[in-house]
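Along the sequence shown, residues are numbered consecutively beginning with 1.
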Amino acid sequence: MEQEMKADSDLDPDPEPGCSLTPSAPPGRLDDREWLVQGRGAKPLPPPLDPVGEPGEQRSRPPFMQHSMPPMTEAVARRALLRFVASRCCYGSRAAGELAIRRLRRLGTYRYRLETFSESRLSEWAFEPFTKPGAAGPPGDAPLDPWDVEVGPPPLFQGQTRRCRVPGSALVRDCHRCHGHGRSKCGVCHGAGRTRCVTCKGSRRRLKQQKRCQLCSGTGRKRCNTCSGRGSKTCATCRGEKKLQHFKQLVIRWKNNVFEFVSEHHLNFPRELLGKVSGENIFKDENVVVYPIIDFPDPEISLASQRAVAEHSVAFAVSSRILRQRQTIELIPITEVHCQYSGKPYLYYIYGLENEVHALDYPERCCCGCTVV
């Protein structure tokens, strides 16, 4: 036992809580190959310099589809209001059924959206216990460039994150935690294999009695339960294998970056509500890269398209690879409903193809903290 304890004294103790001993690169002298540069954490990898599309390529642009807003009738307007009132606990339904609708003002606004589906890659070191010594061979060819590692993307315009190894980047090194011993000093007994008796607190006799402590047989110490008296335990990093296999790991992120713009509608209506409803799709353009819209009837939409395409090109073309772009224009219907109840005028709005309602001054409601939308 003393010989074993002497050997265990050379082991490093367990790390303090919150202290990380994980290296950012394999310890020891690294190969001189360019891809083995020590860094701190994940390293962003710029995409290849080849263009994602041909700017000078001429292609036909999809036409703007003919569109007209679906008609709004008094019956539809009243049903929408009744459905809205039924979803509010503090709104009475009598006013919705009895109010007189005086005027339906049918309006609409445009929503432009640009989606840029991009792929970015980060490089970081990772490791695992080396369990197959026979598989360790001499260094071969230099590993693939991270952007040459083929990884199938997810469905278009759906974000996802994956991790994969860079082929040919594996290195085997002694475990940095136990220095190749496979075991680490027990942090409870500090390598002694024994701890103070919890019954007599090390006094060798039971408290308030002069009898010898039976738990520790009067020694004041007992075998450490954590390491079973060995003074050391299996290294949690290499799991007793003594060596670690380090490898370059790619963190690949696909992201759908969205630019959205709603044209001005000049109504007393919260614009943010329009982001929760759908409209009639009147234009869709999808390609590797899309061209700005320049001749839409509403100049605001054309300017928004030009700004969006320029911003996404600057923001994502350098730090990531643009895989696909899609731009759409929707016509969102808005109906301004003028009505009267008990001799007083009221106003509410119906918006979106879902006929959602925004009623700021509904006549029949109680004050119970219900949020108006």
Side-chain angles (χ1 to χ4, degrees), residues 44-69 108-123 144-162 164 250-264 271 274-333 352-353:
L45 302 170
L49 297 178
D50 51 81
V52 296
E54 296 294 336
E57 178 187 358
Q58 297 295 324
R59 57 181 174 86
S60 60
R61 189 203 64 191
F64 301 121
M65 291 183 285
Q66 297 293 330
H67 59 276
S68 61
M69 288 183 293
T109 189
Y110 295 106
R111 176 170 59 205
Y112 170 82
R113 181 184 286 120
L114 172 66
E115 299 172 85
T116 297
F117 186 55
S118 63
E119 175 186 341
S120 62
R121 298 191 175 194
L122 297 175
S123 174
L144 292 175
D145 182 276
W147 281 99
D148 291 336
V149 178
E150 295 185 5
V151 181
L156 290 175
F157 306 106
Q158 294 184 20
Q160 194 176 109
T161 299
R162 295 183 199 165
C164 67
L250 288 183
V251 181
I252 309 172
R253 293 188 176 94
W254 292 275
K255 186 178 180 181
N256 191 33
N257 309 276
V258 180
F259 176 99
E260 191 171 285
F261 173 81
V262 177
S263 61
E264 185 60 52
R271 182 180 295 191
L274 298 178
K276 304 176 182 179
V277 297
S278 57
E280 181 185 357
N281 198 317
I282 62 175
F283 176 77
K284 179 180 178 180
D285 182 19
E286 181 178 324
N287 213 305
V288 177
V289 290
V290 297
Y291 291 86
I293 299 171
I294 58 176
D295 55 353
F296 192 71
D298 186 340
E300 279 189 308
I301 297 298
S302 296
L303 290 175
S305 175
Q306 296 169 40
R307 184 171 75 252
V309 172
E311 288 181 3
H312 277 206
S313 177
V314 172
F316 307 120
V318 176
S319 60
S320 58
R321 173 187 281 171
I322 295 178
L323 302 180
R324 198 77 174 172
Q325 286 187 315
R326 177 172 64 192
Q327 58 181 345
T328 58
I329 300 176
E330 293 175 276
L331 175 62
I332 304 177
L353 297 180

Practice task
Please report the shortest heavy-atom distance between Ser305 and Ile293, naming the atom on each side.
Solution key: OG-N, 2.9 Å
Exercise for the section: Mark yes or no: Arg326 above the aromatic ring of Phe117, with NZ or CZ under 6.0 Å from the six-membered ring centre and no more than 45 degrees from the axis. Expected result: no
Practice task
Grab the two heavy atoms, one from Ser120 and one from Ser320, that are nearest each other, plus how far apart they are.
Solution key: CB-CB, 3.9 Å
Exercise for the section: Determine whether the aromatic ring centres of Tyr110 and Phe296 lie less than 6.0 Å apart. Expected result: yes
Handout entry: Salt-bridge present (Glu330, Arg113; N to O < 4.0 Å)
Key = yes
Problem - Member of Arg307, Gln327, Glu260 meeting the side-chain hydrogen bond (donor to acceptor under 3.5 Å, both in side chains) criterion with Tyr112 - result: Gln327
Handout entry: Within-4.5 Å side-chain heavy-atom neighbours: Cys164 and Ile252
Key = yes
Problem - Side chain to side chain, Leu323 and Val288, heavy atoms closer than 4.5 Å - result: no
Practice task
Mind running side-chain contact (heavy atoms from CB on, under 4.5 Å) on Thr161 and Val251 for me, showing each step along the way?
Solution key: CA-CA 7 Å; Thr161 299; Val251 181; 4.1 Å; yes
Practice task
Kindly say whether Ser263 contributes a backbone atom to a donor-acceptor pair with the side chain of Thr109 at under 3.5 angstrom?
Solution key: yes
Problem - Nearest non-hydrogen partners of Asn287 and Val290, listed with the distance - result: N-CG1, 3.9 Å
Exercise for the section: Taking all non-hydrogen atoms of both residues into account, name the closest pair between Pro153 and Arg162 and its distance. Expected result: C-NH2, 3.9 Å
Practice task
Compare all side-chain heavy atoms of Leu250 with those of Leu122 and state whether any distance is below 4.5 angstrom.
Solution key: no
Fill in the blank from the handout: Taken in chain and number order and not counting sequence neighbours, the residues that satisfy side-chain hydrogen bond (donor to acceptor under 3.5 Å, both in side chains) with Gln158 are none
Handout entry: Pairwise side-chain contact, Glu286 with Phe157, heavy-atom cut-off 4.5 Å (strictly under)
Key = yes
Exercise for the section: Would you mind reporting whether Ile294 and Ser302 have side-chain heavy atoms less than 4.5 Å apart? Expected result: no
Handout entry: Sidechain N-carboxylate O distance under 4.0 Å for Arg324, Glu115
Key = no
Handout entry: Minimum side-chain heavy-atom gap Glu300-Phe261 below 4.5 Å
Key = yes
Handout entry: Gap separating the OG atom of Ser278 from the CD1 atom of Ile332, nearest 0.5 angstrom
Key = 8.0 Å
Completion exercise
When every non-hydrogen atom of Trp254 is compared with those of Pro154, the smallest separation belongs to CD2-CD, 3.3 Å
Problem - Minimum-distance pair of heavy atoms, taken over all atoms of Val289 and Gln325 - result: CA-OE1, 3.3 Å
Practice task
Taking the side chain as every heavy atom from C-beta outward, state whether Leu114 and Val258 have any atom pair closer than 4.5 Å.
Solution key: no
Practice task
Answer whether the closest heavy-atom distance between the side chains of Ile329 and Ile301 falls below 4.5 Å.
Solution key: yes
Problem - Heavy atoms of other groups near Glu150 CD, more than 12 under 6.0 Å - result: no
Fill in the blank from the handout: Between the CD atom in Gln160 and the CG atom in Asn256, the distance rounded to the nearest 0.5 Å is 13.0 Å
Exercise for the section: For the pair Glu119 and Arg253, find out whether any cationic side-chain nitrogen is under 4.0 Å from an anionic carboxylate oxygen. Expected result: no
Problem - Asn257-Ser118 side chain donor-acceptor pair, cut-off 3.5 Å - result: yes
Handout entry: Backbone N/O of Leu274 and side chain of Arg111: donor-acceptor pair under 3.5 Å
Key = yes
